[in-house]
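Input: a single structure, listed below in structure tokens.
Below, each value reflects all heavy atoms present in this structure, side chains not excepted, and no hydrogens, waters or symmetry copies. So that the names make sense, note that chain A is the first sequence line, chain B the second, and so on, each numbered from 1.
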Amino acid sequence: MDHLEALEAQSVYILREAYREFKQLVMLWSIGKDSTVLLWLARKAFFGHVPIPLLHIDTSYKVPAMIEYRDKLALEWHLNMIYGQNVEALKNKQTFPDGNVTRLQCCASLKSEALKHTLNGDWTRWGLNHNTGTYVPRTDNEPYTGVIVGVRADEEGSRSKERYFSPRDEHNDWDVGDQPPELWNQFKTDFAPGTHLRIHPLLDWTELNIWEYIERENIPIIDLYFDKGTGKRYRSLGCYPCTLPVDSTATNVSEIIEELVSGKFANIAERSGREQDKEDGHGLETLRRDGYM
Amino acid sequence: MATIQKEIKAAEKSTREQMNVVVIGHVDHGKSTVVGRLLADTGSLPEGKLEEVKANCKRNAKPFEYAFLLDALKDEQAQGITIDSARCFFKSVKREYIIIDAPGHIEFLKNMISGAARAEAAMLVIDAKEGVQENSRRHGYLLSMLGIRQVAVCVNKMDLVDYDKEIFDAIVTEFTEFLSRIHLEPKCFVPASARQGDNIVSSSPLTSWYDGPSVLEVFDGFSKEASSVDKPFRFPVQDIYKFTSADDDRRIIAGRVETGSIKVGDEVKFLPSEKRSKIASVEGFNLAQQNEAYCGQSTGFTLEKQIYIQPGELMCKVSDKQPKLSNQLKVNIFWLGRHPMITSKRYKMKLAGTHVPVWLRKVNTVLDASDLSTDNNRQQMERHDVAECILETLKPVAFDLNQEITNTGRFVIIDNYEIAGGGIILDSVAEKTDRITEHVQQREKNWQRSALTPGIRAGRYGQRSAMVVITGSSDKGIVQLAKSLEGHLFNCGRFVYFLGLSNSTIGIDSDILDSGQRDEQLRRLGEISHMFTDAGVILIVTISDLDDYELEMLQSLNKPNESVVVNVGENRFNKNEPDLQVDSIEDRDAAVQEIKKLLQSKNYLIEYFV
């Protein structure tokens, strides 16, 4: 069993545990490479099916190609696709850079808030109708108690301290100082009413592992990651005001792997193109304590 | 540094081995500093990270520490301690590592255990100046329980003792002696100074008296555990999938092969139900067709003969050595719960794929892991205790002894939603008597039996009382059948009452919030049945998906009164034969007549009184 097979087996095991234990389960799909690998792993775990709804938080600042790609795969793979949005903040222009808020405040409002309220069901969830290909408000508003997220421990300091199954209290708070023990593949799957769990099947994967797996499995990945003649490409996908493309001429998966292994990115952090991380020394931890992924 | 990185890159193209190593030890002995130094000196940090952390320190006017590279949480940097285990990714020429930097403070023992449980090898750090401390020993002991056999020791902060060989040797002697008492043999001791960079990635001129490996060389010297493919086949059933709504008729038994291997055509047995079938296919997605599956794979199978099994059963190969099956286990437990573990409380055990209610029956010996002293007179386990004790599960569970097959020989205990302890199985205990039998004996001894004997009541009511249990799958209309039977018997003048488990759930069980407590619901139903049948009633109870052990518990609780079992549809019992098997209840009246005939033949409905 090689390294990628071992990572795959562990992630599949975690996904199946989540599916077995949580009635109200949802998987976050950001359209990026990590959560797309996660989606692929769900098809592995459930033998070609995805019996878990997928949730995308649409900040409306996503590159349009991301939405096209999302809906194309959702229809092809018969996904139970949902999106949520902070309608109020968008209407009132409480956004960066056109509104009077900082990058971190914008993230908190368009991502963390939207996510929190879509998960607990008090804001509208829009669901994809497979017959018409359009989104309609869904009628369900049961809170999700298990939320599957594609974060990796190598991305950033606070993520390196995560559990595979990580509890959040009724306020969505992550108590980093008092996490449950996790041993021998026995996870925290019991939870008090009102609380929920974040499930992290990709914790042990590195950025390189993700690309190697995409190559091995031939996973259709969004082409924003590839250079299309401009000498620029995205290394990490987010909202366009806060995510800068990197200088790179990698046009396909194997060239990206080459870059990571021995080329220009061999020693540069992945989120270096994410501007919001730099606002205080602990940008992402601050956001994550409050529910950000 | 540059050469290391170059060599790594040359080696990297092929798929490389990965290993998890945990770094443990007493608080403040410098674990995070060792790891931070290792990352920095092998060039494993992202560009700019070191400078960024240094600049951060300068801005906040505190001296730079290598530990800050790892202690990422705000509180950790503020307090200067590691709170939670961090995963650090790091590469050597030989392989890739996930280094788990575990906290050393006793308060965070559960975090240390979470980190260490993932590891294949451990580096224990001891401060040369402070010497062996309480948690050096406690962590050492827990390693042996967690199943980690490869241990090396880093004697850190040698700079604070002027690189004195005698101090180093004294620690080596003291700690080797301790480890030998718990049957651990350390691979080596490295004298080091993480802050100064001595013997971390290369040997230091300041310890010319030492010619052993550096910390990095020790890591590369750890070996991967041999594959468990030659062990008996063990496959805990994680779930059973049938995605019928997506036009998929496969009934797939999903899980991960823990040990051994299996191929299409092999005969398999499920425990504890003891049902048998044969492997028809190995299933997968985006894979070429396979006929075999090996340990480590998360996979799925279809079976030749369809049998009813539940998630949590252990699938084994009939031709292999079989696991043990018992409801009483002798175990070694470490307890992390906020509340002590006590004998009168119901806990949940998770062992391989199964979840089962469990009780602490007896504490044999409590051990203080920090000095190995023992106490044989304790009734309960306190936080951070390690103890040998006897556990009793509600139903028999399938398991292996920890020393034979690790993965199916260990478990965790849940107390009120939280994982509160973990343990390894030392042995199964010959069943003397179980909790329910003991309870019924005790109840029988103290119960004030009425002067109205069952015979007198039978004479009055023209019937002998019984609990009539109707079971089957939940969608098979067993409740409708039970009500029809009740109506019919009532119209024939019988003293009869219908009580479904769902009714008792919303009534007497309304204080049970956790829907997982079916055993407690059944226990209460059994006690109620005992009273109804004692009063001379024919009580009809419906319970969907009853299994052998649940039925036996109900029957026990209903004693000394009698019971009759009717199964509708697919028979889910393996040990017990139902008194009546009804294949279909489309014709409900016919089914009612069949049950009535059964009650007549067993003399519950005494005809000559009518």
Side-chain angles (χ1 to χ4, degrees), chain A residues 1-6 8-13 16-17 19-20 40 43-49 51 78 153-154 156-158 160-161 163 176-177 179-193 195 203-204 206 212 217-218 261-262 266-270 272 281-282 285-286, chain B residues 9 12-13 15-18 43 46-49 56 70 72-75 83-89 96 98 110-111 113-114 117-118 146 227 238-239 241 243 246 248 250 252 254-256 283-286 294 296-298 300 311 336 348 350 407 410-412 414 417-419 422 513 516:
Chain A
M1 204 172 204
D2 71 24
H3 181 193
L4 282 183
E5 286 168 335
E8 179 194 77
Q10 177 71 353
S11 300
V12 163
Y13 182 82
R16 288 178 179 164
E17 278 299 282
Y19 183 62
R20 173 180 169 182
W40 187 265
R43 302 180 83 201
K44 285 270 177 186
F46 307 109
F47 304 93
H49 309 284
H78 309 286
D154 77 326
E156 181 269 340
S158 71
S160 78
K161 310 248 166 182
R163 299 285 193 267
V176 285
Q179 300 196 67
E182 187 164 85
L183 54 153
W184 304 328
N185 284 318
Q186 297 292 1
F187 311 118
K188 178 175 166 64
T189 50
D190 301 81
F191 53 96
T195 62
L203 222 45
D204 294 336
T206 63
E212 287 170 336
E217 292 287 321
N218 201 12
V261 172
S262 48
N267 242 339
I268 297 189
E270 179 186 6
S272 56
H282 297 280
E285 184 189 342
T286 309
Chain B
K9 272 157 202 163
E12 195 141 8
K13 278 312 264 185
T15 309
R16 306 212 312 148
E17 190 173 89
Q18 194 192 49
E47 219 164 78
K49 175 78 181 178
N56 247 334
L70 287 104
L73 304 173
K74 279 181 187 172
D75 291 349
I83 290 175
D84 208 337
S85 299
R87 291 169 166 83
C88 311
F89 295 78
E96 292 179 19
I98 296 184
K110 65 184 165 63
N111 297 340
I113 284 176
S114 303
R118 286 194 289 265
L146 290 165
S227 156
Q238 208 176 357
D239 219 334
Y241 299 134
F243 298 107
D248 187 342
R250 292 175 296 177
I252 302 175
R256 171 153 67 184
E283 297 292 330
F285 168 73
N286 202 34
Y294 302 93
Q297 291 179 320
S298 285
L336 304 167
K348 180 161 103 179
K350 289 169 92 172
N407 293 7
R410 58 195 184 186
F411 57 87
V412 298
I414 314 289
Y417 309 119
E418 304 296 340
I419 292 178
L513 298 172

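- The contact between A:T189 and chain B is made by backbone and side chain atoms together, counting heavy-atom distances below 4.5 Å.
- For chain B, no part of A:N218 is nearby; none of its heavy atoms comes within less than 4.5 Å.
- Heavy-atom distances place no part of A:E5 under 4.5 Å from chain B, backbone and side chain included.
- Contact annotation for B:Y294: neither backbone nor side-chain heavy atoms come within less than 4.5 Å of a heavy atom of chain A.
- Most heavy-atom pairs under 4.5 Å with chain B, from the set A:H78, A:M1, A:R16: that is A:R16.
- Considering only heavy atoms from C-beta on, A:Q10 comes within 4.5 Å of B:R256 through its side chain.
- Heavy-atom distances place both the backbone and the side chain of B:N286 under 4.5 Å from chain A.
- Between A:E182 and A:K188 no salt bridge is recorded (no basic side-chain N to carboxylate O distance below 4.0 Å).
- In this structure, A:Y19 and B:Y241 have side chains that are in contact, with non-hydrogen atoms separated by less than 4.5 Å.
- In the model, B:N111 has a side-chain atom that pairs as donor or acceptor with a side-chain atom of A:R163 under 3.5 Å.
- In terms of non-hydrogen atom pairs under 4.5 Å with chain B, the most contact-rich of A:F47, A:F187, A:W184 is A:W184.
- Between B:E17 and B:E96 there is no side-chain heavy-atom pair separated by less than 4.5 Å.
- At a threshold of 4.5 Å between non-hydrogen side-chain atoms, the residues A:H49 and A:R43 do not count as touching.
- The contact between B:I419 and chain A is made by backbone and side chain atoms together, counting heavy-atom distances below 4.5 Å.
- Chosen from B:R410, B:Q18, B:E283, B:K350, the residue pairing most often with chain A at heavy-atom distances under 4.5 Å is B:R410.
- With a threshold of 4.5 angstrom between heavy atoms, A:F46 approaches chain B through its backbone and through its side chain.
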Q: Please assess A:K44 against A:E8 for the test salt bridge (Lys or Arg N to Asp or Glu O under 4.0 Å), listing each intermediate value before the final yes or no.
A: CA-CA 9 Å; A:K44 285 270 177 186; A:E8 179 194 77; 3.7 Å; yes
